[in-house]
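Computed from a predicted model, the values in this text were never measured in an experiment.
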Amino acid sequence: MMIRATGTLHRQVQKKSLWGGLLGLFLMVFSAQAQPVAAQQSQQETVDEQAKAVNYSLYYEYFKNGDYAAALPYLRWMIQHAPEYAGPGRKDDRNFERIIKAHEELAKASDDPEFARAHLDSALAYFDMALEVLPARGVELDTVTWYIRRGRLIQRYPELLADRQAEAAEYYRKAFELAPERVDDYSIQVVIAELVKEGKKEEAIDFMDQVEAALGDDPERASLMEYITTVRDNLFQSPEERMAFLEDRLAKDPTNLEIISELFNIYRQLGEREKMYGLADRLLALKKDARTYHMVGKLYLDDGEPAKALEYFRQAMQAPGVEEIARELYYNAGVAEQQLGRLANARTYFRRALQVDPNFGKAYIAIGDLYAQAVTECGSQLEREDRAVYWLAVDYYERAKRVDPSVANEANRKISTYSKYFPDQEALFFKGWKVGQPYKIDYGCYAWINEETTVKPPPSS
């Protein structure tokens, strides 16, 4: 116990200054290596108020001047005998805050890694002691803040406390369990990263689910939600592994729309068509919007069932959110109509896609393909009037690459293919067609086209 008489106490301090660095070194080692004893006390002892005031005053003088080695023995006396004392009639956690800071500063100042480590271990021990001792002595401790501060101390010394780094995540998680909204994004990310590092995938997923449930609606946490999405996406080595995980989650939460949607996409990625169909009805039962109808319709379209696909596309056109997917929806409806042989209907949908996006090159190419298909179906003998339809098809391919460079290669290939079948010089002469002359495709099997083109030069020989 520290000496209570003020005069005697000052004589002891003078003696310490005569001993110089030797005694200071002894105090550092003793303080750092000794297990705090206050936690072992079962009852609060009665300590003379003057002794509290004197020891408090002495440690504070040394502390505020940065002489942490000299402050440490008096601080230890306070922690052992009056840890809550902050002056006459006042209680708080400042003595613990200061002894922790003293140990940390001495660790920072030490050139000896063993001494530095000993001080840091003592600082962490005082963190734990504060959480146990202060509430029992009537101090309202902000446990969440103390947990986070303890974690930060560990993370500040990744080399000296290399074997204790995982403790930071443990205490951040304890803080989250007490008050999720008070824990910063970084601390939460540390917890997730540590769980992933330890290979605890299921536990990591469960914790991320808890974070999303607690904080997902907070717009200020958007970056944290993006981080969680990224981690979750990268957590599994293969789509097959993620598929198995999601199937297990869906069995536990069969109405979770996010799981169903993600699992649906993974099934599509892996070609699990039967499983996709199995989820389609469940998905639509939970979410009857345009995007979902379109997604299910595209499934049938890809599987060669255009009639079934059109049923879903038409429902999508009447569902909420159609504006967000209108271009692709109309385009795919056109493809379905084309596969059913209804070329005029297909063109109507492709034109609607172009109304949404006039620079949608794929739709121009699709209309050109319709006209080329019409020649295949109508012009088995490839008469001069049949070949003239290719002029119009090429007009659309030219327009496609003009408005949308991303389809230029495809357009050029088709132009090269179909321009070879243009009416030759003899046909031009026989029909009296002149290059550049307007020409309308509106006859016979092509009456539905009813569009104008221009006479093109004959293919080069």
Side-chain angles (χ1 to χ4, degrees), residues 192 195-196 199-213 216 225-340 346 349 353 362 366:
I192 295 170
L195 290 172
V196 172
K200 300 177 179 178
K201 292 183 180 181
E202 295 290 341
E203 193 172 343
I205 290 293
D206 288 343
F207 180 72
M208 287 188 284
D209 288 346
Q210 294 172 30
V211 174
E212 287 180 324
M225 297 305 112
E226 291 175 5
Y227 171 83
I228 287 175
T229 299
T230 300
V231 171
R232 187 181 283 128
D233 289 343
N234 295 329
L235 195 56
F236 300 90
Q237 298 299 316
S238 67
E240 291 82 2
E241 185 179 12
R242 181 152 185 80
M243 179 180 72
F245 163 72
L246 289 173
E247 287 174 340
D248 180 66
R249 289 189 73 197
L250 186 59
K252 299 174 183 176
D253 190 2
T255 62
N256 189 309
L257 183 59
E258 291 185 3
I259 297 176
I260 293 173
S261 297
E262 185 178 356
L263 193 53
F264 190 92
N265 289 328
I266 290 178
Y267 286 156
R268 179 164 53 190
Q269 178 184 352
L270 296 177
E272 296 280 357
R273 313 304 289 184
E274 291 186 10
K275 289 185 176 181
M276 285 179 69
Y277 284 117
L279 277 185
D281 291 339
R282 189 188 302 191
L283 187 59
L284 285 170
L286 294 170
K287 191 176 184 182
K288 298 180 181 297
D289 66 350
R291 189 177 299 278
T292 305
Y293 280 117
H294 177 251
M295 183 168 62
V296 176
K298 187 65 166 58
L299 169 63
Y300 283 102
L301 183 63
D302 292 344
D303 277 359
E305 297 189 49
K308 189 72 173 177
L310 271 173
E311 294 178 14
Y312 287 99
F313 292 152
R314 288 169 183 153
Q315 291 183 78
M317 293 173 195
Q318 305 301 319
V322 64
E323 300 83 3
E324 300 174 5
I325 60 163
R327 190 187 78 165
E328 297 298 329
L329 172 60
Y330 294 138
Y331 176 82
N332 286 321
V335 172
E337 290 282 14
Q338 182 179 6
Q339 291 180 5
L340 290 169
Y349 281 123
K362 284 176 61 178

Q | Worked verdict on Asp289 versus Val322 for side-chain contact (heavy atoms from CB on, under 4.5 Å) | A | CA-CA 8 Å; Asp289 66 350; Val322 64; over 6 Å; no

Q. Pairs in or reaching into residues 304-320: which pass side-chain hydrogen bond (donor to acceptor under 3.5 Å, both in side chains), with residues at least two apart or in two chains?
A.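 side-chain hydrogen bond (donor to acceptor under 3.5 Å, both in side chains) check on residues 304-320 returns Arg314-Glu337.
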
Q: Using the ring pair (Phe, Tyr, Trp, His ring centres under 6.0 Å) rule, collect all pairs that involve residues 247-287, keeping only residues at least two apart or in two chains.
A: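 Every pair satisfying ring pair (Phe, Tyr, Trp, His ring centres under 6.0 Å) with a residue in residues 247-287: Tyr277-Tyr300.
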
For [X], side-chain hydrogen bond (donor to acceptor under 3.5 Å, both in side chains) partners two or more places apart:
| X | value |
| --- | --- |
| Lys362 | none |
| Tyr330 | Arg352 |
| Asp253 | Asn256 |
| Lys288 | none |

Q) Should Glu272 and Met243 be marked as a side-chain contact (heavy atoms from CB on, under 4.5 Å) after you check the CA-CA gap, both sets of side-chain angles, and the distance that decides it? A) CA-CA 10 Å; Glu272 296 280 357; Met243 179 180 72; 4.3 Å; yes

Would you check if [X] and [Y] make a side-chain contact, meaning some heavy-atom pair closer than 4.5 Å?
| X | Y | value |
| --- | --- | --- |
| Ile266 | Glu240 | no |
| Glu202 | Phe245 | yes |
| Ile205 | Asp209 | yes |
| Val196 | Asn234 | no |

Compare every heavy atom of [Y] with every heavy atom of [X], then report the nearest pair and how far apart it is.
| X | Y | answer |
| --- | --- | --- |
| Ala353 | Arg327 | CB-O, 3.7 Å |
| Leu246 | Ile259 | O-CG2, 3.7 Å |
| Arg249 | Arg232 | NH1-NE, 4.3 Å |
| Ala309 | Gly297 | CB-O, 3.2 Å |
| Gly334 | Ala346 | O-CB, 3.3 Å |
| Leu310 | Ala336 | CG-CB, 3.6 Å |

Q: Might you work through the side-chain contact (heavy atoms from CB on, under 4.5 Å) test for Leu263 and Arg242, ending with a clear yes or no?
A: CA-CA 9 Å; Leu263 193 53; Arg242 181 152 185 80; over 6 Å; no

Working to the nearest 0.5 Å, report the span between [atom1] of [X] and [atom2] of [Y].
| X | Y | atom1 | atom2 | result |
| --- | --- | --- | --- | --- |
| Tyr293 | Leu283 | OH | CG | 10.5 Å |
| Met295 | Leu279 | CE | CG | 9.0 Å |
| Thr230 | Leu235 | OG1 | CG | 12.0 Å |
| Leu329 | Lys298 | CG | NZ | 12.0 Å |
| Thr255 | Leu286 | OG1 | CG | 6.5 Å |

Q: Can you sort out the partners of Phe207 under ring pair (Phe, Tyr, Trp, His ring centres under 6.0 Å), two or more places apart, ordered by chain and number?
A: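 For Phe207, the residues satisfying ring pair (Phe, Tyr, Trp, His ring centres under 6.0 Å) (neighbours in sequence not counted) are Phe176.
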
(Q) Tell me every residue that passes ring pair (Phe, Tyr, Trp, His ring centres under 6.0 Å) with Phe313, counting only those two or more places apart in sequence or in another chain. (A)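 So Phe313 forms a ring pair (Phe, Tyr, Trp, His ring centres under 6.0 Å) with His294.
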
**Q.** Under the salt bridge (charged side-chain N to carboxylate O under 4.0 Å, His left out) test, residues paired with Lys275 that sit two or more places apart
**A.**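 Here the qualifying residues are Glu247.
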
Q) With sequence neighbours left out, what residues match Asp303 under salt bridge (charged side-chain N to carboxylate O under 4.0 Å, His left out)? A)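 For Asp303 the salt bridge (charged side-chain N to carboxylate O under 4.0 Å, His left out) partners, ignoring immediate neighbours, are Arg273.
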
Q.
Working note: Met276 + Asp302, criterion side-chain contact (heavy atoms from CB on, under 4.5 Å); need CA distance, chi angles, decisive distance, verdict.
A. CA-CA 12 Å; Met276 285 179 69; Asp302 292 344; over 6 Å; no

Q | With Glu203 via side chain to side chain contact (heavy atoms under 4.5 Å, CB included) - residues at least two apart | A |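 Result, side chain to side chain contact (heavy atoms under 4.5 Å, CB included) vs Glu203: Arg173, Leu195, Lys200.
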
(Q) Once side chain to side chain contact (heavy atoms under 4.5 Å, CB included) is applied, do any residues pair with Pro239, and if so which ones, sequence neighbours excluded? (A)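 Result, side chain to side chain contact (heavy atoms under 4.5 Å, CB included) vs Pro239: Gln269, Leu270.
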
Q. In terms of heavy-atom contacts, does CD of Glu258 have more than 12 from other residues, nucleotides or ligands at under 6.0 Å?
A.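 It does not: Glu258 CD has 12 such atoms or fewer within range.
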
